[in-house]
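The structure displayed is predicted, hence computed values, not measured ones.
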Amino acid sequence: MKAAVCPRYGPPEAVRVEELPSPALQPGQVRVQVAAAAVNYPDVLLVADRYQVHVPPPFIPGSEFSGTITEICSPEGDFEIGAKVTGSAMFGAFAEEVCVPAGSLARVPGGVDDRSAAASGVAHRTAYHALRSMARVQSGDGVVILGAGGGVGLAAVQLAAALGTRVTAVASSNEKLDVARRYGAAAVVNHRSGDLRAALLEAAPDGAHAVIDPVGGELSEPALRSLRRGGRFVTVGYASGVIPRIPLNLVLVKGVHVLGFQFQDVPGEEFARNEAELRGLLASGTIAPHIGAVYPLSEVAAALRHVADGRAVGKVLIALSADSSTPITP
């Protein structure tokens with residue numbers, strides 16, 4: 001099979017495409033013929049050895065994919081050969097085949113194509129669980145979403161709007177904010193154009209009910225200051241590469257809640273509810289992921305560079321099957 005390989009730690013350009021043997025299927029695993037894989041910022045960090053988890057090279061990067069089951073060696077899961085699935089793993093997705101535990105897969109809702117399945121897996125699930133179970137947003141709430149042009153951020157914009165909230169989208173370029181408007185943002189802020197705290201106060205004079213933050217860095221504190229008393233600040237990730245240091249007196253004085261999001265922290269009943277609701281939104285076409293660029297596997301380094309440089313709008317994909325192979329590059 002063809003696969004992208006990181007032979008040594010370094011920049012995206014260190015990754016190259018090689019011909020490798022198909023991975024061996026282990027007990028408890030399912031083999032998937034990969035149709036499309038999404039490029040996420042942690043993929044860039046793993047290649048550079050800057051992530052909190054270290055994967056010794058050589059390894060196949062890629063953490064999110066969609067495809068078709070071709071072989072099963074697991075009693076878990078209600079899957080059959082030929083089923084369309086989406087899944088995630090720490091690495092291994094930028095390849096024509098991947099072997100993963102059955103428990104890491106989800107069935108693709110009817111009517112959702114391979115590209116959309118790959119693009120909506122991690123980002124939309126992260127955003128929806130963060131909004132529903134951490135931020136606990138209600139229709140009519142005001143929500144500030146940082147990194148609103150990226151995968152998780154733009155998914156959060158779409159989903160928060162679908163839940164009936166008033167979204168203030170924050171991003172680094174007018175291009176990204178134009179897309180956020182198309183997906184339901186009521187107000188937009190380019191954080192490179194001036195004082196973010198002042199801009200958020202103008203957008204939500206009474207304070208926001210919640211903040212979703214997949215960026216971190218210098219944006220986090222002014223976003224937290226934009227919350228009304230009792231608001232919820234949900235930290236999802238640190239795409240800026242900088243973990244923020246929040247003055248705890250702000251949490252005390254404003255009476256706000258600061259929460260970290262991880263899938264395993266969502267209570268079981270809520271998790272099942274959220275997953276069912278999200279599948280319904282995708283299957284009905286109420287929401288759809290924004291795919292900003294699609295690269296063939298032969299240009300995997302360029303796709304990683306696209307994400308590393310912060311140019312991604314929505315999701316960036318690697319196409320691995322004929323059905324998803326038409327490139328869309330900026």
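Nearest approach of Ala160 to Leu131, heavy atoms of both residues: N-CD1, 3.6 Å. Nearest heavy-atom pair, Ala186 versus Arg166, reported as atom, atom and distance to 0.1 Å: CB-CG, 3.7 Å. Among all heavy-atom pairs drawn from Pro7 and Val5, the shortest one is CD-O, 3.2 Å. Scanning both residues, Ala38 and Lys315, for their nearest heavy atoms gives CB-CE, 3.8 Å. Listed here is the closest heavy atom pair of Leu297 and Ala3: CD2-N, 4.2 Å. Nearest heavy atoms, Ala210 versus Val137: CB-CG1, 4.1 Å.
A 4.5 Å side-chain heavy-atom check between Gln158 and Thr286 finds every atom pair outside the cut-off. Between Val47 and Val15 the shortest side-chain heavy-atom distance falls below 4.5 Å.
For residues 200-225, the salt bridge (Lys or Arg N to Asp or Glu O under 4.0 Å) pairs, not counting sequence neighbours, are Glu221-Arg225.
A chain of hydrophobic side-chain contacts below 4.5 Å, direct or via other Ile, Leu, Val, Met, Phe, Trp or Tyr residues, connects Leu281 to Val167. Residues Leu46 and Val300 fall within the same hydrophobic cluster, defined by Ile, Leu, Val, Met, Phe, Trp and Tyr side chains chained together at heavy-atom separations under 4.5 Å. With hydrophobic clusters built from ILVMFWY side chains whose heavy atoms lie under 4.5 angstrom apart, Val307 shares a cluster with Val17.
Taken to the nearest 0.5 Å, the CG atom of Asp265 stands 10.0 Å off from the CG atom of Leu259. Rounding to the nearest 0.5 Å gives a distance of 7.5 Å between CG of Leu320 and CD1 of Ile318. The line from CG of Leu154 to CG of Leu159 is 9.5 Å long, rounded to the nearest 0.5 Å. In this structure, the separation between CZ on Arg182 and CG on Asp178 is 8.5 Å, given to the nearest 0.5 Å. Rounding to the nearest 0.5 angstrom, the gap separating the OG1 atom in Thr126 from the CD1 atom in Ile212 is 11.0 Å. In this structure, the separation between CG on Leu105 and CZ on Phe65 is 5.0 Å, given to the nearest 0.5 Å.
Open room surrounds CD on Gln138; 12 or fewer heavy atoms of other groups in view lie less than 6.0 Å from it.
In terms of modelled atom types and a separation under 3.5 Å, the side chain of Ser116 and the main chain of Asp113 share no donor-acceptor contact. A donor-acceptor distance shorter than 3.5 angstrom exists from the side chain of Lys254 to the backbone of Leu227, with no hydrogens or angles considered. Panel note: side chain His209, backbone Gly142; a donor-acceptor pair is recorded below 3.5 Å. In this structure, Arg228 contributes its side chain and Gly207 its backbone to a donor-acceptor pair below 3.5 Å. Checked by atom type and distance alone, the side chain of Glu64 pairs as donor or acceptor with a backbone atom of Val122 at under 3.5 Å. One N or O on the side chain of Ser66 and one on the backbone of Asp114 form a donor-acceptor pair closer than 3.5 Å. Looking at Asp195, its side chain does come within 3.5 Å of a backbone N or O of Ala198 through a donor-acceptor pair.
No side-chain donor-acceptor contact under 3.5 Å links Asn190 and Lys176.
Look at Asp309 and Arg305 and you find a salt bridge, because one of the NZ, NE, NH1 or NH2 atoms lies within 4.0 Å of a carboxylate O, short of that distance.
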Between side-chain atoms of residues 270-277 and protein atoms elsewhere (two or more places apart, or another chain), which donor-acceptor pairs fall under 3.5 Å?
{"from": "Glu270", "atom 1": "OE1", "to": "Ser133", "atom 2": "OG", "distance (Å)": "2.7"}
{"from": "Glu270", "atom 1": "OE2", "to": "Arg136", "atom 2": "NH2", "distance (Å)": "3.2"}
{"from": "Asn274", "atom 1": "ND2", "to": "His129", "atom 2": "ND1", "distance (Å)": "2.9"}
{"from": "Asn274", "atom 1": "ND2", "to": "Ser133", "atom 2": "OG", "distance (Å)": "2.9"}
{"from": "Asn274", "atom 1": "ND2", "to": "Glu270", "atom 2": "O", "distance (Å)": "3.3"}
{"from": "Glu275", "atom 1": "OE1", "to": "Arg125", "atom 2": "NE", "distance (Å)": "3.3"}
{"from": "Glu275", "atom 1": "OE2", "to": "Arg125", "atom 2": "NE", "distance (Å)": "2.9"}
{"from": "Glu275", "atom 1": "OE2", "to": "His129", "atom 2": "NE2", "distance (Å)": "2.7"}
{"from": "Glu277", "atom 1": "OE1", "to": "Tyr128", "atom 2": "OH", "distance (Å)": "2.6"}
{"from": "Glu277", "atom 1": "OE1", "to": "Arg132", "atom 2": "NE", "distance (Å)": "3.0"}
{"from": "Glu277", "atom 1": "OE1", "to": "Arg132", "atom 2": "NH2", "distance (Å)": "3.2"}
{"from": "Glu277", "atom 1": "OE2", "to": "Arg132", "atom 2": "NH2", "distance (Å)": "3.0"}

Report, one line per pair, each donor and acceptor closer than 3.5 Å where one atom sits in a side chain of residues 232-240; sequence neighbours left out.
{"from": "Arg232", "atom 1": "NH1", "to": "Met134", "atom 2": "O", "distance (Å)": "2.8"}
{"from": "Thr235", "atom 1": "OG1", "to": "Tyr238", "atom 2": "OH", "distance (Å)": "3.1"}
{"from": "Ser240", "atom 1": "OG", "to": "Val215", "atom 2": "O", "distance (Å)": "2.9"}
{"from": "Ser240", "atom 1": "OG", "to": "Gly217", "atom 2": "N", "distance (Å)": "3.3"}
{"from": "Ser240", "atom 1": "OG", "to": "Val242", "atom 2": "N", "distance (Å)": "3.2"}
{"from": "Ser240", "atom 1": "OG", "to": "Val242", "atom 2": "O", "distance (Å)": "3.3"}

Under 3.5 Å, which donor-acceptor pairs do the side chains of residues 88-101 form with other protein atoms, sequence neighbours left out?
{"from": "Glu96", "atom 1": "OE1", "to": "Lys2", "atom 2": "N", "distance (Å)": "2.9"}
{"from": "Glu97", "atom 1": "OE1", "to": "Ser22", "atom 2": "OG", "distance (Å)": "2.6"}

Enumerate, atom names and distances included, each donor-acceptor pair closer than 3.5 Å involving a side-chain atom of residues 49-58, sequence neighbours excluded.
{"from": "Asp49", "atom 1": "OD1", "to": "His54", "atom 2": "ND1", "distance (Å)": "2.5"}

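In this structure Arg107 satisfies the side chain to side chain donor-acceptor pair (under 3.5 Å) test together with Glu80, sequence neighbours excluded.
For the side chain to side chain contact (heavy atoms under 4.5 Å, CB included) criterion with Ser120, the lone passing option out of Ile287, Ile291, Leu282 is Leu282.
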